[in-house]
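So the structure is just underneath, and the comments pick up after that.
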2 protein chains.
Amino acid sequence: MSEQDLTTLVQFFKALANESRLKLVGALAQQERSVEELASILELKEPTVSHHLSKLKELQLVHMRAEGNTHYYYLDLDALQAMQKATLTATEITPPVQEDVWETKVLHSFVENDIIKEISASRKKRRIILKWLVQKFELERLYPEQELNQIIKPIHSDTATLRRELVGYNMMKRENSIYQRVPESDWRMDSNH
Amino acid sequence: MSEQDLTTLVQFFKALANESRLKLVGALAQQERSVEELASILELKEPTVSHHLSKLKELQLVHMRAEGNTHYYYLDLDALQAMQKATLTATEITPPVQEDVWETKVLHSFVENDIIKEISASRKKRRIILKWLVQKFELERLYPEQELNQIIKPIHSDTATLRRELVGYNMMKRENSIYQRVPESDWRMDSNH
DNA sequence: CGTCTAATTAGAAGTGTATCTAATTAGATC
DNA sequence: GATCTAATTAGATACACTTCTAATTAGACG
């Protein structure tokens, strides 16, 4: 959903998010009517009705036909139904991209120039940082603790914590002080974290 | 459209008539998300997001699932689509009755106890009053001007004007000072008035 | 049990909206 | 052209809404 579509949708909802305007649409659905007539039906003053009609007209939901002094307003059924269809598809299909705005944002705030500035105390954020960190290791290869530390060290001084957390989040497994990266599919849905 | 339906519809439109809330719906259409995550995506503070979510929750458009401290919100797609269908039928079928609120209102303000208080200067209103007045006469019968006056007199003193107007609006026709009522189908669509 | 995290609630500031009265415009009528 | 009618525009008031910061609640963890 583009920025343009979004504001158009908001405008549409705003136009109908009002009892008086909704009643206007209802009254005009039956037949065209003059401003005076609408004011009488809704029990509002004419300037008020005029104001609401101008809002509906901006969005092309109604049009006006002048006959002498009298202004007859009528509904644009096509425009109305087009907008309604737009609301359907907008919420069904929904924005396609942007998926990982959140992760990107978290990473930017905790990692800079390949250096972890701070290990977030929040589990969800820590998980995102570790997910980034574990990409530094190859999948098939075995890493002795010594080597693991050497890789982590320039990224963050607290190698012990990161080592422990990587294992804790099941992103790496350890056997006799030899570490190996775990495929993402094995920890992705890990609901413990 | 009942009063209840109308306010429900207004509530629904109001709920979506806001950029932030529309974005929330968009973000939740993909998957459930925590408040913190949503705040990050929309670039708003958490209390603000919380506030918007509570509005959506009131209308049952979203629901919440707590997991520890974290509150995951997710969309109620059924509720959403149900509301969208409701908007379609509401504007297509439209209010059935109420048709002549306007005429009734005009009559009430100019006629009281079978007496015309004032002959409106407005053409449209005058037409409504005359439409009411002409019902006092039978269709087949012929009325000499004398008798016509006697019938009109107790309703309004200015018999001359009303007589002239009835003929002018083609609601009665005159021949040699004998008057006869014209069937409504013959003057109903008379666009001169 | 005290501390930390995630969320909500309370309260405040600024903006927007609905409605009204009064003034203005524009068409029709005498 | 003066007057009347229908509508719009201008300006004012009152209320609602969005967003923020600060304070509070409730769950998790050492």
Side-chain angles (χ1 to χ4, degrees), chain A residues 10-11 13-24 32-40 42-58 62 64-73 102 106 118-128 161 164-165 168 191-193, chain B residues 10-11 13-24 32-40 42-58 62 64-73 102 106 118-127 161 164-165 168 192-193:
Chain A
V10 173
Q11 303 291 17
F13 283 126
K14 271 192 177 155
L16 299 189
N18 173 275
E19 183 167 337
S20 297
R21 282 194 293 272
L22 222 43
K23 282 182 182 169
L24 280 180
E32 67 172 17
R33 292 186 198 273
S34 70
V35 176
E36 181 185 28
E37 197 173 341
L38 291 168
S40 160
L42 298 214
E43 303 194 308
L44 290 171
K45 299 297 178 186
E46 291 185 30
T48 307
V49 171
S50 210
H51 165 249
H52 286 312
L53 286 171
S54 79
K55 287 204 165 184
L56 294 175
K57 202 164 64 170
E58 263 180 38
V62 304
M64 192 264 276
R65 173 179 78 81
E67 188 177 291
N69 255 344
T70 312
H71 292 187
Y72 289 99
Y73 282 84
W102 154 255
V106 171
E118 181 199 343
I119 301 175
S120 173
S122 151
R123 263 179 312 291
K124 277 184 302 177
K125 289 176 184 168
R126 208 160 56 226
R127 190 171 191 271
I128 290 170
T161 296
R164 175 167 28 82
E165 291 284 36
S191 62
N192 291 330
H193 300 293
Chain B
V10 173
Q11 303 291 16
F13 282 126
K14 270 193 178 151
L16 299 188
N18 175 274
E19 182 166 338
S20 297
R21 283 194 293 271
L22 261 191
K23 281 182 182 169
L24 281 179
E32 66 172 20
R33 292 186 197 274
S34 69
V35 177
E36 180 184 27
E37 197 173 341
L38 291 168
S40 159
L42 298 211
E43 303 193 307
L44 291 172
K45 300 298 177 183
E46 291 185 29
T48 307
V49 171
S50 209
H51 165 248
H52 286 311
L53 286 171
S54 78
K55 287 204 165 184
L56 293 176
K57 202 165 62 170
E58 264 179 38
V62 304
M64 192 262 275
R65 173 179 78 82
E67 189 177 291
N69 255 346
T70 311
H71 291 187
Y72 290 99
Y73 282 84
W102 154 254
V106 170
E118 182 198 342
I119 301 174
S120 173
S122 152
R123 261 179 314 293
K124 277 184 299 175
K125 289 176 184 169
R126 208 160 55 224
R127 192 172 190 271
T161 297
R164 176 166 28 81
E165 291 283 36
N192 292 330
H193 301 292

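Quick note on labels: first sequence line is chain A, next is B, and so on, each numbered from 1.
Taking each heavy atom of A:A39 and A:K45 in turn, the nearest pair found is CB-C, 4.2 Å. The minimum heavy-atom distance between B:L24 and B:V49, with the atom names listed, is CD2-CG1, 4.3 Å. When all heavy atoms are compared, the tightest approach of B:L16 to A:F13 is O-CD1, 3.5 Å. Between B:R21 and B:K14, the closest heavy-atom pair is NH2-O, 3.1 Å. Residue A:M64 comes nearest to A:A66 through the heavy atom pair SD-N, 3.7 Å, listed as atom of the first residue, atom of the second, then distance. Summarising the geometry of B:T70 relative to B:S34, their closest heavy-atom pair is CG2-CB, 3.5 Å, with the distance given to 0.1 Å.
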Practice task
Assess whether side-chain contact (heavy atoms from CB on, under 4.5 Å) is satisfied between A:T48 and A:H52, documenting all intermediate values.
Solution key: CA-CA 6 Å; A:T48 307; A:H52 286 312; 3.9 Å; yes
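Between the CG atom of A:L42 and the C1' atom of C:dA18 there is a distance of 13 Å, rounded to whole Å. Between the CG atom of B:L53 and the C1' atom of D:dT18 there is a distance of 14 Å, given to the nearest Å. Remark: P of C:dT17 and CZ of B:F13 are 17 Å apart, rounded to the nearest angstrom. Rounded to whole Å, the distance from CD on B:E36 to C1' on D:dA28 is 15 Å. Per the geometry, CZ belonging to A:R126 stands 11 Å off C1' belonging to C:dT5, to the nearest Å. Nucleotide C:dT5 holds its P atom 17 Å from the NE2 atom of B:H71, rounded to whole Å.
Contact annotation: B:S20 side-chain N/O to D:dT19 OP1/OP2 distance is under 4.0 Å.
Residue B:Y73 is in sugar-phosphate contact alone, with no base atom involved, counting any heavy-atom pair closer than 4.0 Å across all strands shown. Among the heavy atoms of the strands, none lies under 4.0 Å from B:S54.
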Fill in the blank from the handout: Per-nucleotide protein contact along nucleotides 20-30 of chain C, 5' to 3', at a 4.0 Å heavy-atom cut-off (B base, S sugar-phosphate only, - neither), is BBB---BBS--
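Two residues are said to be in side-chain contact when any heavy atoms from C-beta on lie closer than 4.5 Å; B:S20 and B:L44 meet this criterion.
Under a 3.5 Å cut-off, the side chain of A:R33 and the backbone N or O of A:L38 do not form any donor-acceptor pair.
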Considering only nitrogen or oxygen atoms on both sides, find all protein atoms under 3.5 Å from nucleotides 13-17 of chain D and state each distance.
none

